[in-house]
Amino acid sequence: MHEETHAVTRIGWLRAAILGANDGIVSTASLIAGVAAAGASSSSILVTGTAGLVAGAMSMAAGEYVSVSSQGDAEKADVELEKRHLAADPEFELEELTQIYEQRGLDRALAEQVAVQLTAHDALDTHLRDELGMTDAAIARPGQAAVASAASFSVGAALPLAMVLVDRGESLPFTVSAASLIFLAILGALGARVGQAPMLRPVVRVTFWGAMAMAATIAIGSLLGTTVG
């Protein structure tokens, strides 16, 4: 049997992983670049970056879990509502399903036939899929999203943090920024590849906004380092 693999089947964990890794690189690199530009010592920069990694990973996990759990709660409420509608007025629900298939291009007779057969097979699943767009591929998975987000954030944050061990001089803000832009470009390319999309636009998008964030923190760090010092 011929099987096709579509990117939509990976949308849940892929979105969380890309978001986590991107945030890990950008936030940690910006934090390190800003603190370094302010004239902090290497040990202070390393402690700051490590604290940012741990706090960021926990925050991403908590945020993903809460937000995706809220999505799951909404999905469960819709399932219960659809169950009540099917029990209270099955004829109306059948007509609703028929009209959905008509709008998708079937003639009236065929739409009725399809609606009747699918309702007989599994009425609730059919309405959830064709009326509400709820599928197994897109269903909320809070635990999966939280783990993927926290793990990817940690990996992303560790990359710019490692640059503190490579460059301990005054050029660190620019070294970590340049390296992080390379990391972001690789991330954009990997995300596009896994998502089966063209690479150029994701790479340009992620590196542009990463460069803006790091430039802003370097400018602020330099300004505060001058005024406070």
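For the pair T119 (side chain) and V116 (backbone), a donor-acceptor distance under 3.5 Å is absent. Using a distance-only test at 3.5 Å, with no hydrogens or angles considered, a donor-acceptor pair links the side chain of T217 to the main chain of M214. No donor-acceptor distance shorter than 3.5 angstrom exists from the side chain of S59 to the backbone of A55, with no hydrogens or angles considered. Side chain of S67 to main chain of E64: a donor-acceptor pair is present (N/O by atom type, distance under 3.5 Å, no hydrogens or angles). In this structure, S30 contributes its side chain and S27 its backbone to no donor-acceptor pair below 3.5 Å. Side chain of S44 to backbone of A40: no donor-acceptor contact under 3.5 angstrom is found. Panel note: side chain S69, backbone P142; no donor-acceptor pair is recorded below 3.5 Å.
The minimum heavy-atom distance between L172 and A36, with the atom names listed, is CD2-CB, 4.0 Å.
Applying the salt bridge (Lys or Arg N to Asp or Glu O under 4.0 Å) rule to D125 yields the partners R129; only residues at least two apart in sequence or on another chain are considered. Considering only residues two or more places apart in sequence or on other chains, D167 meets the side chain to side chain donor-acceptor pair (under 3.5 Å) condition with S171, T175. Partners of E170 by side chain to side chain donor-acceptor pair (under 3.5 Å), not counting sequence neighbours: none found.
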Item checked: Verdict with reasoning, F208 to L181, per side-chain contact (heavy atoms from CB on, under 4.5 Å) -> CA-CA 9 Å; F208 172 79; L181 289 178; over 6 Å; no
(request) List the steps, then state whether side-chain contact (heavy atoms from CB on, under 4.5 Å) holds for V68 with Q144. (result) CA-CA 10 Å; V68 178; Q144 182 189 71; over 6 Å; no
Inset, instruction - Would you check, one step at a time, whether the test side chain to side chain donor-acceptor pair (under 3.5 Å) holds for Q99 with E95? - result: CA-CA 6 Å; Q99 292 180 12; E95 175 60 24; 2.9 Å; yes
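Summarising the geometry, atom CD belonging to E96 is positioned 14.0 Å from atom CD belonging to E91; distances are rounded to the nearest 0.5 Å. With rounding to the nearest 0.5 angstrom, the CG atom of L223 is 13.5 Å from the CD1 atom of I218. To the nearest 0.5 Å, atoms CG (D107) and CD (Q113) are separated by 9.5 Å. Remark: L31 CG to T50 OG1 distance equals 10.0 Å, nearest 0.5 Å.
Residue L19 is found in a hydrophobic cluster whose other members, listed by chain and number, are M60, F153; membership requires side-chain heavy atoms under 4.5 Å apart, directly or through intermediates. Grouping Ile, Leu, Val, Met, Phe, Trp and Tyr by side-chain contacts under 4.5 Å, direct or through others, leaves V155 on its own. Applying the under-4.5 Å side-chain rule to Ile, Leu, Val, Met, Phe, Trp and Tyr, the cluster around I186 extends to I182, L190.
For M58, the CE atom sits in a loose shell: 12 or fewer heavy atoms of surrounding residues, nucleotides or ligands are nearer than 6.0 Å.
Looking at heavy atoms from C-beta onward, E93 lies in side-chain contact with E131 at the 4.5 angstrom threshold. Side-chain atoms of L118 and D122, non-hydrogen and from C-beta on, never get closer than 4.5 Å to each other.
With E80 as the fixed residue, the salt bridge (Lys or Arg N to Asp or Glu O under 4.0 Å) test singles out one of K83, R84, K76: K83.
In terms of hydrophobic clustering, with Ile, Leu, Val, Met, Phe, Trp and Tyr side chains grouped at heavy-atom distances under 4.5 Å, L165 and V47 are assigned to different clusters.
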